[in-house]
Asker: 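Following this message is one structure expressed as structure tokens.
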Amino acid sequence: MQKTDRESSSMIALRWPDEWVQAPALDLIKGTAVGCLLINAEARSRLGAVMARAEAEGFKLADTATPPPGVSIVKADWPGARPMGRPGQASAGSAREPAISAGPTGEPWVDSLGWVVQLARVRTPQNRVWVDAQPAAGAVVRPDAYLRAAADAAANGGRWIVSMDKNLAAGLQARKSDAIETWRRILRACDFFDSHTAWRDYARVARLAVVSDFSGENEFLGQEILNLATRNNQPCHVLEKAKLSDTALRGVRGAIYLDQEPPAPELRRKLLAYAGSGGLLVVGPKWGKPEGTLSTPDAHARFSFYSLGKGKLAVAKEADPDPYFLVKDVPALVSHRYDLLRLFSANAGILYYTVAPAGNAGLVQLVNYASSSFGAGPITVRIAEPYRTARLRTIDGPEPGNVEIASKQGASQLFLPAIPVYAAVELGA
Amino acid sequence: MSTQCTRRGLLLGGAAAFGAGLTGRPFGYAATAPSARVAIARCPAYGAEMLPALTRLFDQLGGLEGLVKEKTVAIKINMVGQVYYRVGHLPPEDTYWTNPLLIGAVVHLMGKAGAHRIRVLEGAWSSGDPLEEYMLQANWEPRDILNAASNVEFENTNCLGRGKKYARFPVPHGGHMFPAYDLNHSYQDCDVFVSMGKLKEHATAGVTLSEKNCFGATPISIYGEGAGVDEPNENPVGGRTFMHSGHRQPPKSALPENNPGSPRQGGYRIPRIVADIVAARPVHLAIVDGIKSMAGGEGPWIPSVKPVNPGILIAGTNCVSTDAVAMAVMGFDPMADRGSPPFDGLGFGFETCDSTLRLAEELGVGTRDLKRIEVIGTPIREALFSYAALRPKTPLFR
């Protein structure tokens, strides 16, 4: 029998490959940590025998429309990086696995599902978040890319639903050695994240926040800000406006409210109190008449500024500001002096920084979305917190080792080796 | 794309046009190009030894006071490429950017020499933000530079910045590539213009010293990928790829190229654009930071680059002559041209290029002939740090 001692939400879930139409295919995953099979409704009629045997073997069956209890499933793009077309626009890409471009002007476009997980965790905090990111149709996925998908979800507190491309599914069925090795690496990655469940309780740290309902008319801009800010290594707190507490913006240096409707009076009071106490509040024309005193008109191409108590209001001149510029502007308006994170020599990398509930330990996880070897050299990370010790862990690398760390003026620089896919650095004060 | 004139090219009948293209517009001012003395100083690090070395260097050129007293000084520094690139774990200032400690020291000495105002300028990659914000992202502390003298300012020259309009700089004799360049007001609102480059090779231009540093003076609002069609784009993004490739023209508000039919090759275009700029916006003081640098290219995006520590500072009041001496210190012949080191595609397969020094000399900016240049301080043979000897033996791309 397949082990069933885990709660459904803690199981490793596998999207059942279309190519596996015979029940004996279950033998390929029997005895592994996979406990839940996702089979969508349209496939069930032709997989009757598979499903019957799976249930008899103790596998849980689910589909994305009816997730197991305690689970929210979110859909996301396959994570990776690809060359950018004109600045701010992704290139058309291809069905094949994308690769990043080289050169000083080759800023890559990174597809990360991290912000999707963050938003889902805020919306359904009681649930585990499973991420449904599948390889594009016809894509040939390299082994590292599966690890990247697992890491991308896990670094954000989610769990990737293991999804294979046709090659891997067929290769496993044919018992090909390279496919079996890839499969083992995927399972090792899942085990790695399962063995560090405490990390899921670590709290996200951010100096910026987005306040929105992230839905309806506000869905695109709110979510795109989260997406692009994450990609720029400017972590944001995701704050639902209906639940905004008086303390939610504590420690935040820049808060963005750009919903299409003015805030309700109570929300407006909270946001103004935040700005008045020294924060930067970024709003749009829909905010209504700005409070405070207009200062230095025309000082900025995209914002007007109003002094408000110890802080200020930055009013975007456009009703629908370009999120590409917005996520670059806000950290500069706050000042990059207060950047929480800086990442060097990994231009397709994203850092995820959290701290232990007791506050005595930190964790920085790095996911490298670049699929080419360009820039695959040593990486430097700066965290604006003082740490004295740092230990590096990788999914299938050697035992954890100490990382050289340099502290200066309350910040720590970590000198890491090349990180092809993922690394976690445990930080001690 | 190769720029070499092949037998096949000749047979196809393109020889005349191709040759004319590579030759470009003839300017005959090399013989009368002025010369000025160039000073070299040993300086192994950016520590306490740097200020005395710089003081001595400037004194050998006649002192800073005569140049900057009661003047507004603009210093174009070098922060090429994206902020997050590093060679290994080394910060960019120790490999491919001018070092902020050197910038601070120069600013300090200029303040001490009575400069009225000092503006530090750069048009960093894809940024319209204040320059100090770019510096902060590189872990620099801009206050150290701001506090090094009184009346110090920063300006990001990628866009209008604090100005209301762009300043047009006509190129003497009509220019190799453009008849004039539209630049940020700070390049006009100064009495003294200083180019502070790094001692480096360059994949497209052979070397990047005090002249090539001035390429970054071009605002990306006009000369960048994100430039507008009719007007400058004051939301500047990207780099200056079209200046390399020539696949488009600047906005109609700026003057177009002299000859859109000229070769669309970086190795042809970039040296000419740089020569034009230093002719149009004369450099009063050229400083080359060779204390710590890198060999094998201009930035970490070039394969096989390595950090080096030549321990050298070079300065002069003529940018062409200063760069000629710097080339000699790097082990290259400043009279060299396309096909010979360092204008041979870094020796490992990049496109060959024309000599910026020769092109600027032809515009009458300055001489590159060492026989006509007085070198003071450390002799070239003692300062020699051979970049040529560090070149890879095997071509990477052929």
Side-chain angles (χ1 to χ4, degrees), chain A residues 84-89 101-108 232-234 298-302 318 321-322 324-325 328-339 341-349 373-375 377-382 384 403-404 406 408-409 411 413-418, chain B residues 80-92 96 124-143 156 159-162 164 203-204 220-221 224-227 232-245 297-303 305:
Chain A
M84 199 186 270
R86 72 176 176 82
Q89 299 286 315
S101 66
T105 55
E107 189 177 10
N232 285 353
N233 284 304
Q234 293 288 347
D298 301 326
H300 196 286
R302 293 179 286 278
E318 288 185 23
D322 185 334
Y324 174 83
F325 286 110
K328 289 184 181 293
D329 283 339
V330 174
L333 294 177
V334 168
S335 177
H336 284 288
R337 179 174 300 285
Y338 305 109
D339 283 350
L341 304 169
R342 293 182 194 144
L343 175 63
F344 301 99
S345 302
N347 67 352
S373 59
F374 172 71
I379 288 170
T380 307
V381 173
R382 181 188 184 273
V403 170
E404 186 188 349
K408 189 181 172 187
Q409 295 172 334
Q413 275 202 93
L414 313 174
F415 301 109
L416 307 179
Chain B
V80 64
Q82 297 181 41
V83 73
Y84 43 74
Y85 281 118
R86 286 187 171 194
V87 179
H89 291 128
L90 293 172
Y96 67 108
W125 196 89
S126 196
S127 171
D129 291 334
L131 183 55
E132 48 271 54
E133 289 299 321
Y134 201 78
M135 292 176 169
L136 285 162
Q137 292 177 77
N139 294 343
W140 286 21
E141 178 45 85
R143 287 173 187 157
N156 178 349
C159 47
L160 276 174
R162 296 188 189 91
K164 297 291 182 201
T204 312
I220 57 171
S221 59
E225 289 94 278
N233 176 5
E234 293 305 316
N235 295 326
V237 288
R240 298 175 177 86
T241 302
F242 93 72
M243 295 287 265
H244 287 250
S245 64
E298 73 274 18
W301 49 90
I302 304 295
V305 293

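Below, chains carry the letters A, B, ... as their sequence lines are ordered, and counting in each starts from 1.
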Asker: How long is the span from the CZ atom in B/Arg86 to the OG1 atom in A/Thr380, to the nearest 0.5 Å?
Answerer: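 If I round to the nearest 0.5 Å, the distance is 4.5 Å.
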
Asker: Using heavy-atom distances under 4.5 Å, tell me whether B/Pro142 contacts chain A through its side chain, its backbone, both, or neither.
Answerer: side chain

Asker: Please flag which part of B/Val83 lies under 4.5 Å from any non-hydrogen atom of chain A: side chain, backbone, both or neither.
Answerer: backbone

Asker: At what distance, to the nearest 0.5 angstrom, does CG of A/Asn233 lie from OH of B/Tyr84?
Answerer: 10.0 Å

Asker: Quick one: of A/Ala411, A/Ser335, A/Ala301, who has the most non-hydrogen atom pairs under 4.5 Å with chain B?
Answerer: A/Ser335

Asker: So which heavy atom on B/Gly88 is nearest to which on A/Ser345, and how close?
Answerer: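 Closest approach of B/Gly88 to A/Ser345: O-OG, 3.9 Å.
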
Asker: Determine, step by step, whether B/Asn139 and A/Gln413 satisfy the side-chain contact (heavy atoms from CB on, under 4.5 Å) criterion, reporting the C-alpha distance in whole Å, the side-chain angles of both residues, the deciding distance to 0.1 Å, and the verdict.
Answerer: CA-CA 10 Å; B/Asn139 294 343; A/Gln413 275 202 93; 3.5 Å; yes

Asker: Given a strict heavy-atom distance threshold of 4.5 Å, which part of B/Asn235 is in contact with chain A: side chain, backbone, both, or neither?
Answerer: both

Asker: So which of B/Glu141, B/Met135, B/Glu132 has the biggest tally of heavy-atom pairs under 4.5 Å with chain A?
Answerer: B/Glu141

Asker: Identify which part of A/Phe415 has an atom lying under 4.5 Å from any heavy atom of chain B, answering side chain, backbone, both or neither.
Answerer: both

Asker: Contact part of A/Arg342 toward chain B, heavy-atom cut-off under 4.5 Å: side chain, backbone, both or neither?
Answerer: side chain

Asker: Heavy atoms only, distances under 4.5 angstrom: which of A/Leu416, A/Asp339, A/Leu343 has the most pairs with chain B? Name it, please.
Answerer: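 With the most close heavy-atom pairs to chain B, the winner is A/Leu416.
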
Asker: So how far is it from A/Arg382 CZ to B/Gln137 CD, rounded to the nearest 0.5 Å?
Answerer: 11.5 Å

Asker: Can you tell which part of A/Ala332 gets under 4.5 Å to a heavy atom of chain B, answering side chain, backbone, both or neither?
Answerer: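 Backbone plus side chain of A/Ala332, per the 4.5 Å heavy-atom cut-off to chain B.
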
Asker: What is the distance from atom CG of B/Leu136 to atom OH of A/Tyr338, rounded to the nearest 0.5 Å?
Answerer: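 One gets 9.5 Å once the value is rounded to the nearest 0.5 Å.
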
